[in-house]
Amino acid sequence: KGNYIPLVYTIGVCYNNHKGVFFMNFGNVLILGDSFSTFEGYIPEGYYIYYSENPEKNTDVRKVEYTWWHQLMKETNSNLVLNNSWSGSTICYTGYDGYDCSKDSSFIFRVRQLIENGFFTENKIDTVFLFGASNDSGANSPLGELKYDHFEEKDLYEALPAICYIIKLLKETLPEATIYFPINDDIKPEIREVIPTACEHYGIKAIPLKNITKLEYHPTIEGMEQIK
């Protein structure tokens, strides 16, 4: 119902009972992500990476061509304007071990930084992939509750208000863009199961992923293919 897509577990393929399966063109794309979307040399300098050609982590994703987003951009002939992904980052302001990431890695700070630096006035963005919340779950960030307005900075230290806030911020900043929120199948149900509610409220598209193949909680080559 609404913008919740319960039967689609990939980003690039949309299913229609009458028209079958087809690929979309996403136009100019912005990715806001965490480790799942990183690759060395393809994200802003200074951001933490997970995937690279010589990874420190145990992964078979050793070429950028294996990442979900590189495959998706190529197969849909879409234009990736910016991959703003930071490994280990939370959407909210509370990172691992209670670290305050309100001024560096949090998704919210990074979007605000893009706004302040004029990124959205200098670049036309047609599609946003907001692929986060894995670390809000993994870091045991305070949960809070869904909240849709009257945000205060203290609310943004909690996962659910922060998720709502960043969707609202992106909708206000990019009213004409299509926003997708892929949902990691491994995160806490208290987060995973309510993200579609927030997405529906703001009119963006939730994409609940399912049975993604992972190694040490991160997508493998097979898992990247499944996401794409």
Side-chain angles (χ1 to χ4, degrees), residues 29-52 56-57 69 80-123 125 128-175 177 179-184 187-188 190-192 194-195 198-199 202 204 217-218:
V29 175
L30 167 66
I31 297 172
L32 297 165
D34 51 31
S35 57
F36 285 22
S37 304
T38 63
F39 200 90
E40 186 175 17
Y42 291 83
I43 60 173
E45 186 176 354
Y47 283 24
Y48 293 168
I49 61 167
Y50 188 88
Y51 296 105
S52 72
E56 297 180 1
K57 309 294 184 179
W69 50 269
L80 179 59
V81 177
L82 175 65
N83 183 348
N84 190 285
S85 297
W86 185 315
S87 182
S89 62
T90 52
I91 292 177
C92 77
Y93 287 165
T94 307
Y96 287 88
D97 299 319
Y99 174 71
D100 184 335
C101 51
S102 61
K103 301 298 181 185
D104 46 38
S105 63
S106 67
F107 280 55
I108 292 172
F109 176 77
R110 284 151 46 201
V111 172
R112 286 177 171 175
Q113 195 174 47
L114 291 176
I115 294 170
E116 291 171 6
N117 291 341
F119 173 81
F120 296 109
T121 57
E122 296 171 1
N123 298 277
I125 299 298
V128 178
F129 291 105
L130 177 59
F131 198 170
S134 294
N135 293 299
D136 299 75
S137 175
N140 291 313
S141 304
L143 191 62
E145 298 179 350
L146 295 179
K147 180 176 183 176
Y148 299 125
D149 52 26
H150 301 104
F151 294 98
E152 299 179 24
E153 282 295 288
K154 64 181 179 61
D155 298 324
L156 306 183
Y157 286 86
E158 299 176 333
L160 298 186
I163 288 168
C164 293
Y165 175 82
I166 199 167
I167 297 172
K168 183 174 186 287
L169 181 60
L170 288 168
K171 285 288 290 184
E172 291 173 348
T173 304
L174 297 168
I179 303 173
Y180 295 90
F181 199 138
I183 307 169
N184 182 3
I187 62 177
K188 294 176 180 177
E190 301 96 312
I191 298 177
R192 184 182 70 247
V194 299
I195 289 175
C199 291
Y202 289 110
I204 76 167
Y217 303 103
H218 287 77

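By the neighbour-count criterion of 12 heavy atoms within 6.0 Å, atom CG of N117 is densely surrounded, having more than that number from other residues, nucleotides or ligands. Heavy atoms from other residues, nucleotides or ligands lying under 6.0 Å from OH of Y217 number 12 at most. More than 12 heavy atoms of other residues, nucleotides or ligands shown are found within 6.0 angstrom of CD on Q113.
I167 and A198 make their closest contact through CD1-CB, 4.2 Å (heavy atoms, listed as atom of the first residue, atom of the second, distance). Pairing each heavy atom of G88 with each of N135, the nearest pair is C-ND2, 3.3 Å. Between T90 and C101, the shortest heavy-atom distance links the atoms OG1-SG, 3.3 Å. Across all their heavy atoms, G132 and F181 have their closest contact at O-CE2, 3.7 Å. In terms of heavy atoms, S102 sits closest to Y157 at OG-OH, 3.6 Å. Annotation for C164 and K147: closest pair CB-O, 2.9 Å, computed over non-hydrogen atoms.
Side-chain atoms of T173 never come within 3.5 Å of backbone atoms of L170 as a donor-acceptor pair (strictly under, hydrogens ignored). A donor-acceptor pair under 3.5 Å is formed between the side chain of Y202 and the backbone N or O of Y148. T38 places no side-chain N or O within 3.5 Å of a backbone atom of S85 that could act as its donor or acceptor partner. Between the S137 side chain and the K188 main chain, a donor and an acceptor come within less than 3.5 Å of each other. A donor-acceptor pair under 3.5 Å is absent between the side-chain atoms of T94 and the main chain of S141, judged by distance alone.
Between atom OG of residue S89 and atom CG of residue D104 there is a gap of 10.0 Å, rounded to the nearest 0.5 Å. The CG atom of N184 lies 9.0 Å from the CZ atom of R192; values are rounded to the nearest 0.5 Å. Atom-to-atom distance recorded for F119:CZ and L82:CG is 4.5 Å, nearest 0.5 angstrom. Rounded to the nearest 0.5 Å, atoms CD1 (I125) and CG (L30) are 5.5 Å apart. Rounding to the nearest 0.5 angstrom, the gap separating the SG atom in C92 from the CZ atom in F109 is 15.0 Å. In this structure, the separation between OG on S37 and OH on Y42 is 15.0 Å, given to the nearest 0.5 Å.
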Quiz item: Between I204 and C199, is a side chain to side chain contact (heavy atoms under 4.5 Å, CB included) present by the stated rule, with each step listed?
Solution: CA-CA 5 Å; I204 76 167; C199 291; 3.6 Å; yes
Self-check item: Derivation and outcome, side chain to side chain contact (heavy atoms under 4.5 Å, CB included), residues W69 and F129
Solution: CA-CA 10 Å; W69 50 269; F129 291 105; over 6 Å; no
Quiz item: Between L160 and E190, is a side chain to side chain contact (heavy atoms under 4.5 Å, CB included) present by the stated rule, with each step listed?
Solution: CA-CA 9 Å; L160 298 186; E190 301 96 312; over 6 Å; no
Exercise. For S134 and F36, run side chain to side chain contact (heavy atoms under 4.5 Å, CB included): C-alpha distance rounded to whole Å, both residues' side-chain angles, the deciding distance at 0.1 Å, then the answer.
Key: CA-CA 9 Å; S134 294; F36 285 22; 4.3 Å; yes
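In the model, D34 has no side-chain atom that pairs as donor or acceptor with a side-chain atom of Y50 under 3.5 Å.
Between N84 and the choices V128, I43, L114, V111, the side-chain contact (heavy atoms from CB on, under 4.5 Å) rule is met once, by L114.
Under the 4.5 Å side-chain criterion, counting only non-hydrogen atoms from C-beta, L169 is in contact with R112. Looking at heavy atoms from C-beta onward, I195 lies in side-chain contact with I163 at the 4.5 angstrom threshold.
For the pair R110 and F107, the cation-pi test (distance below 6.0 Å, angle within 45°) is passed.
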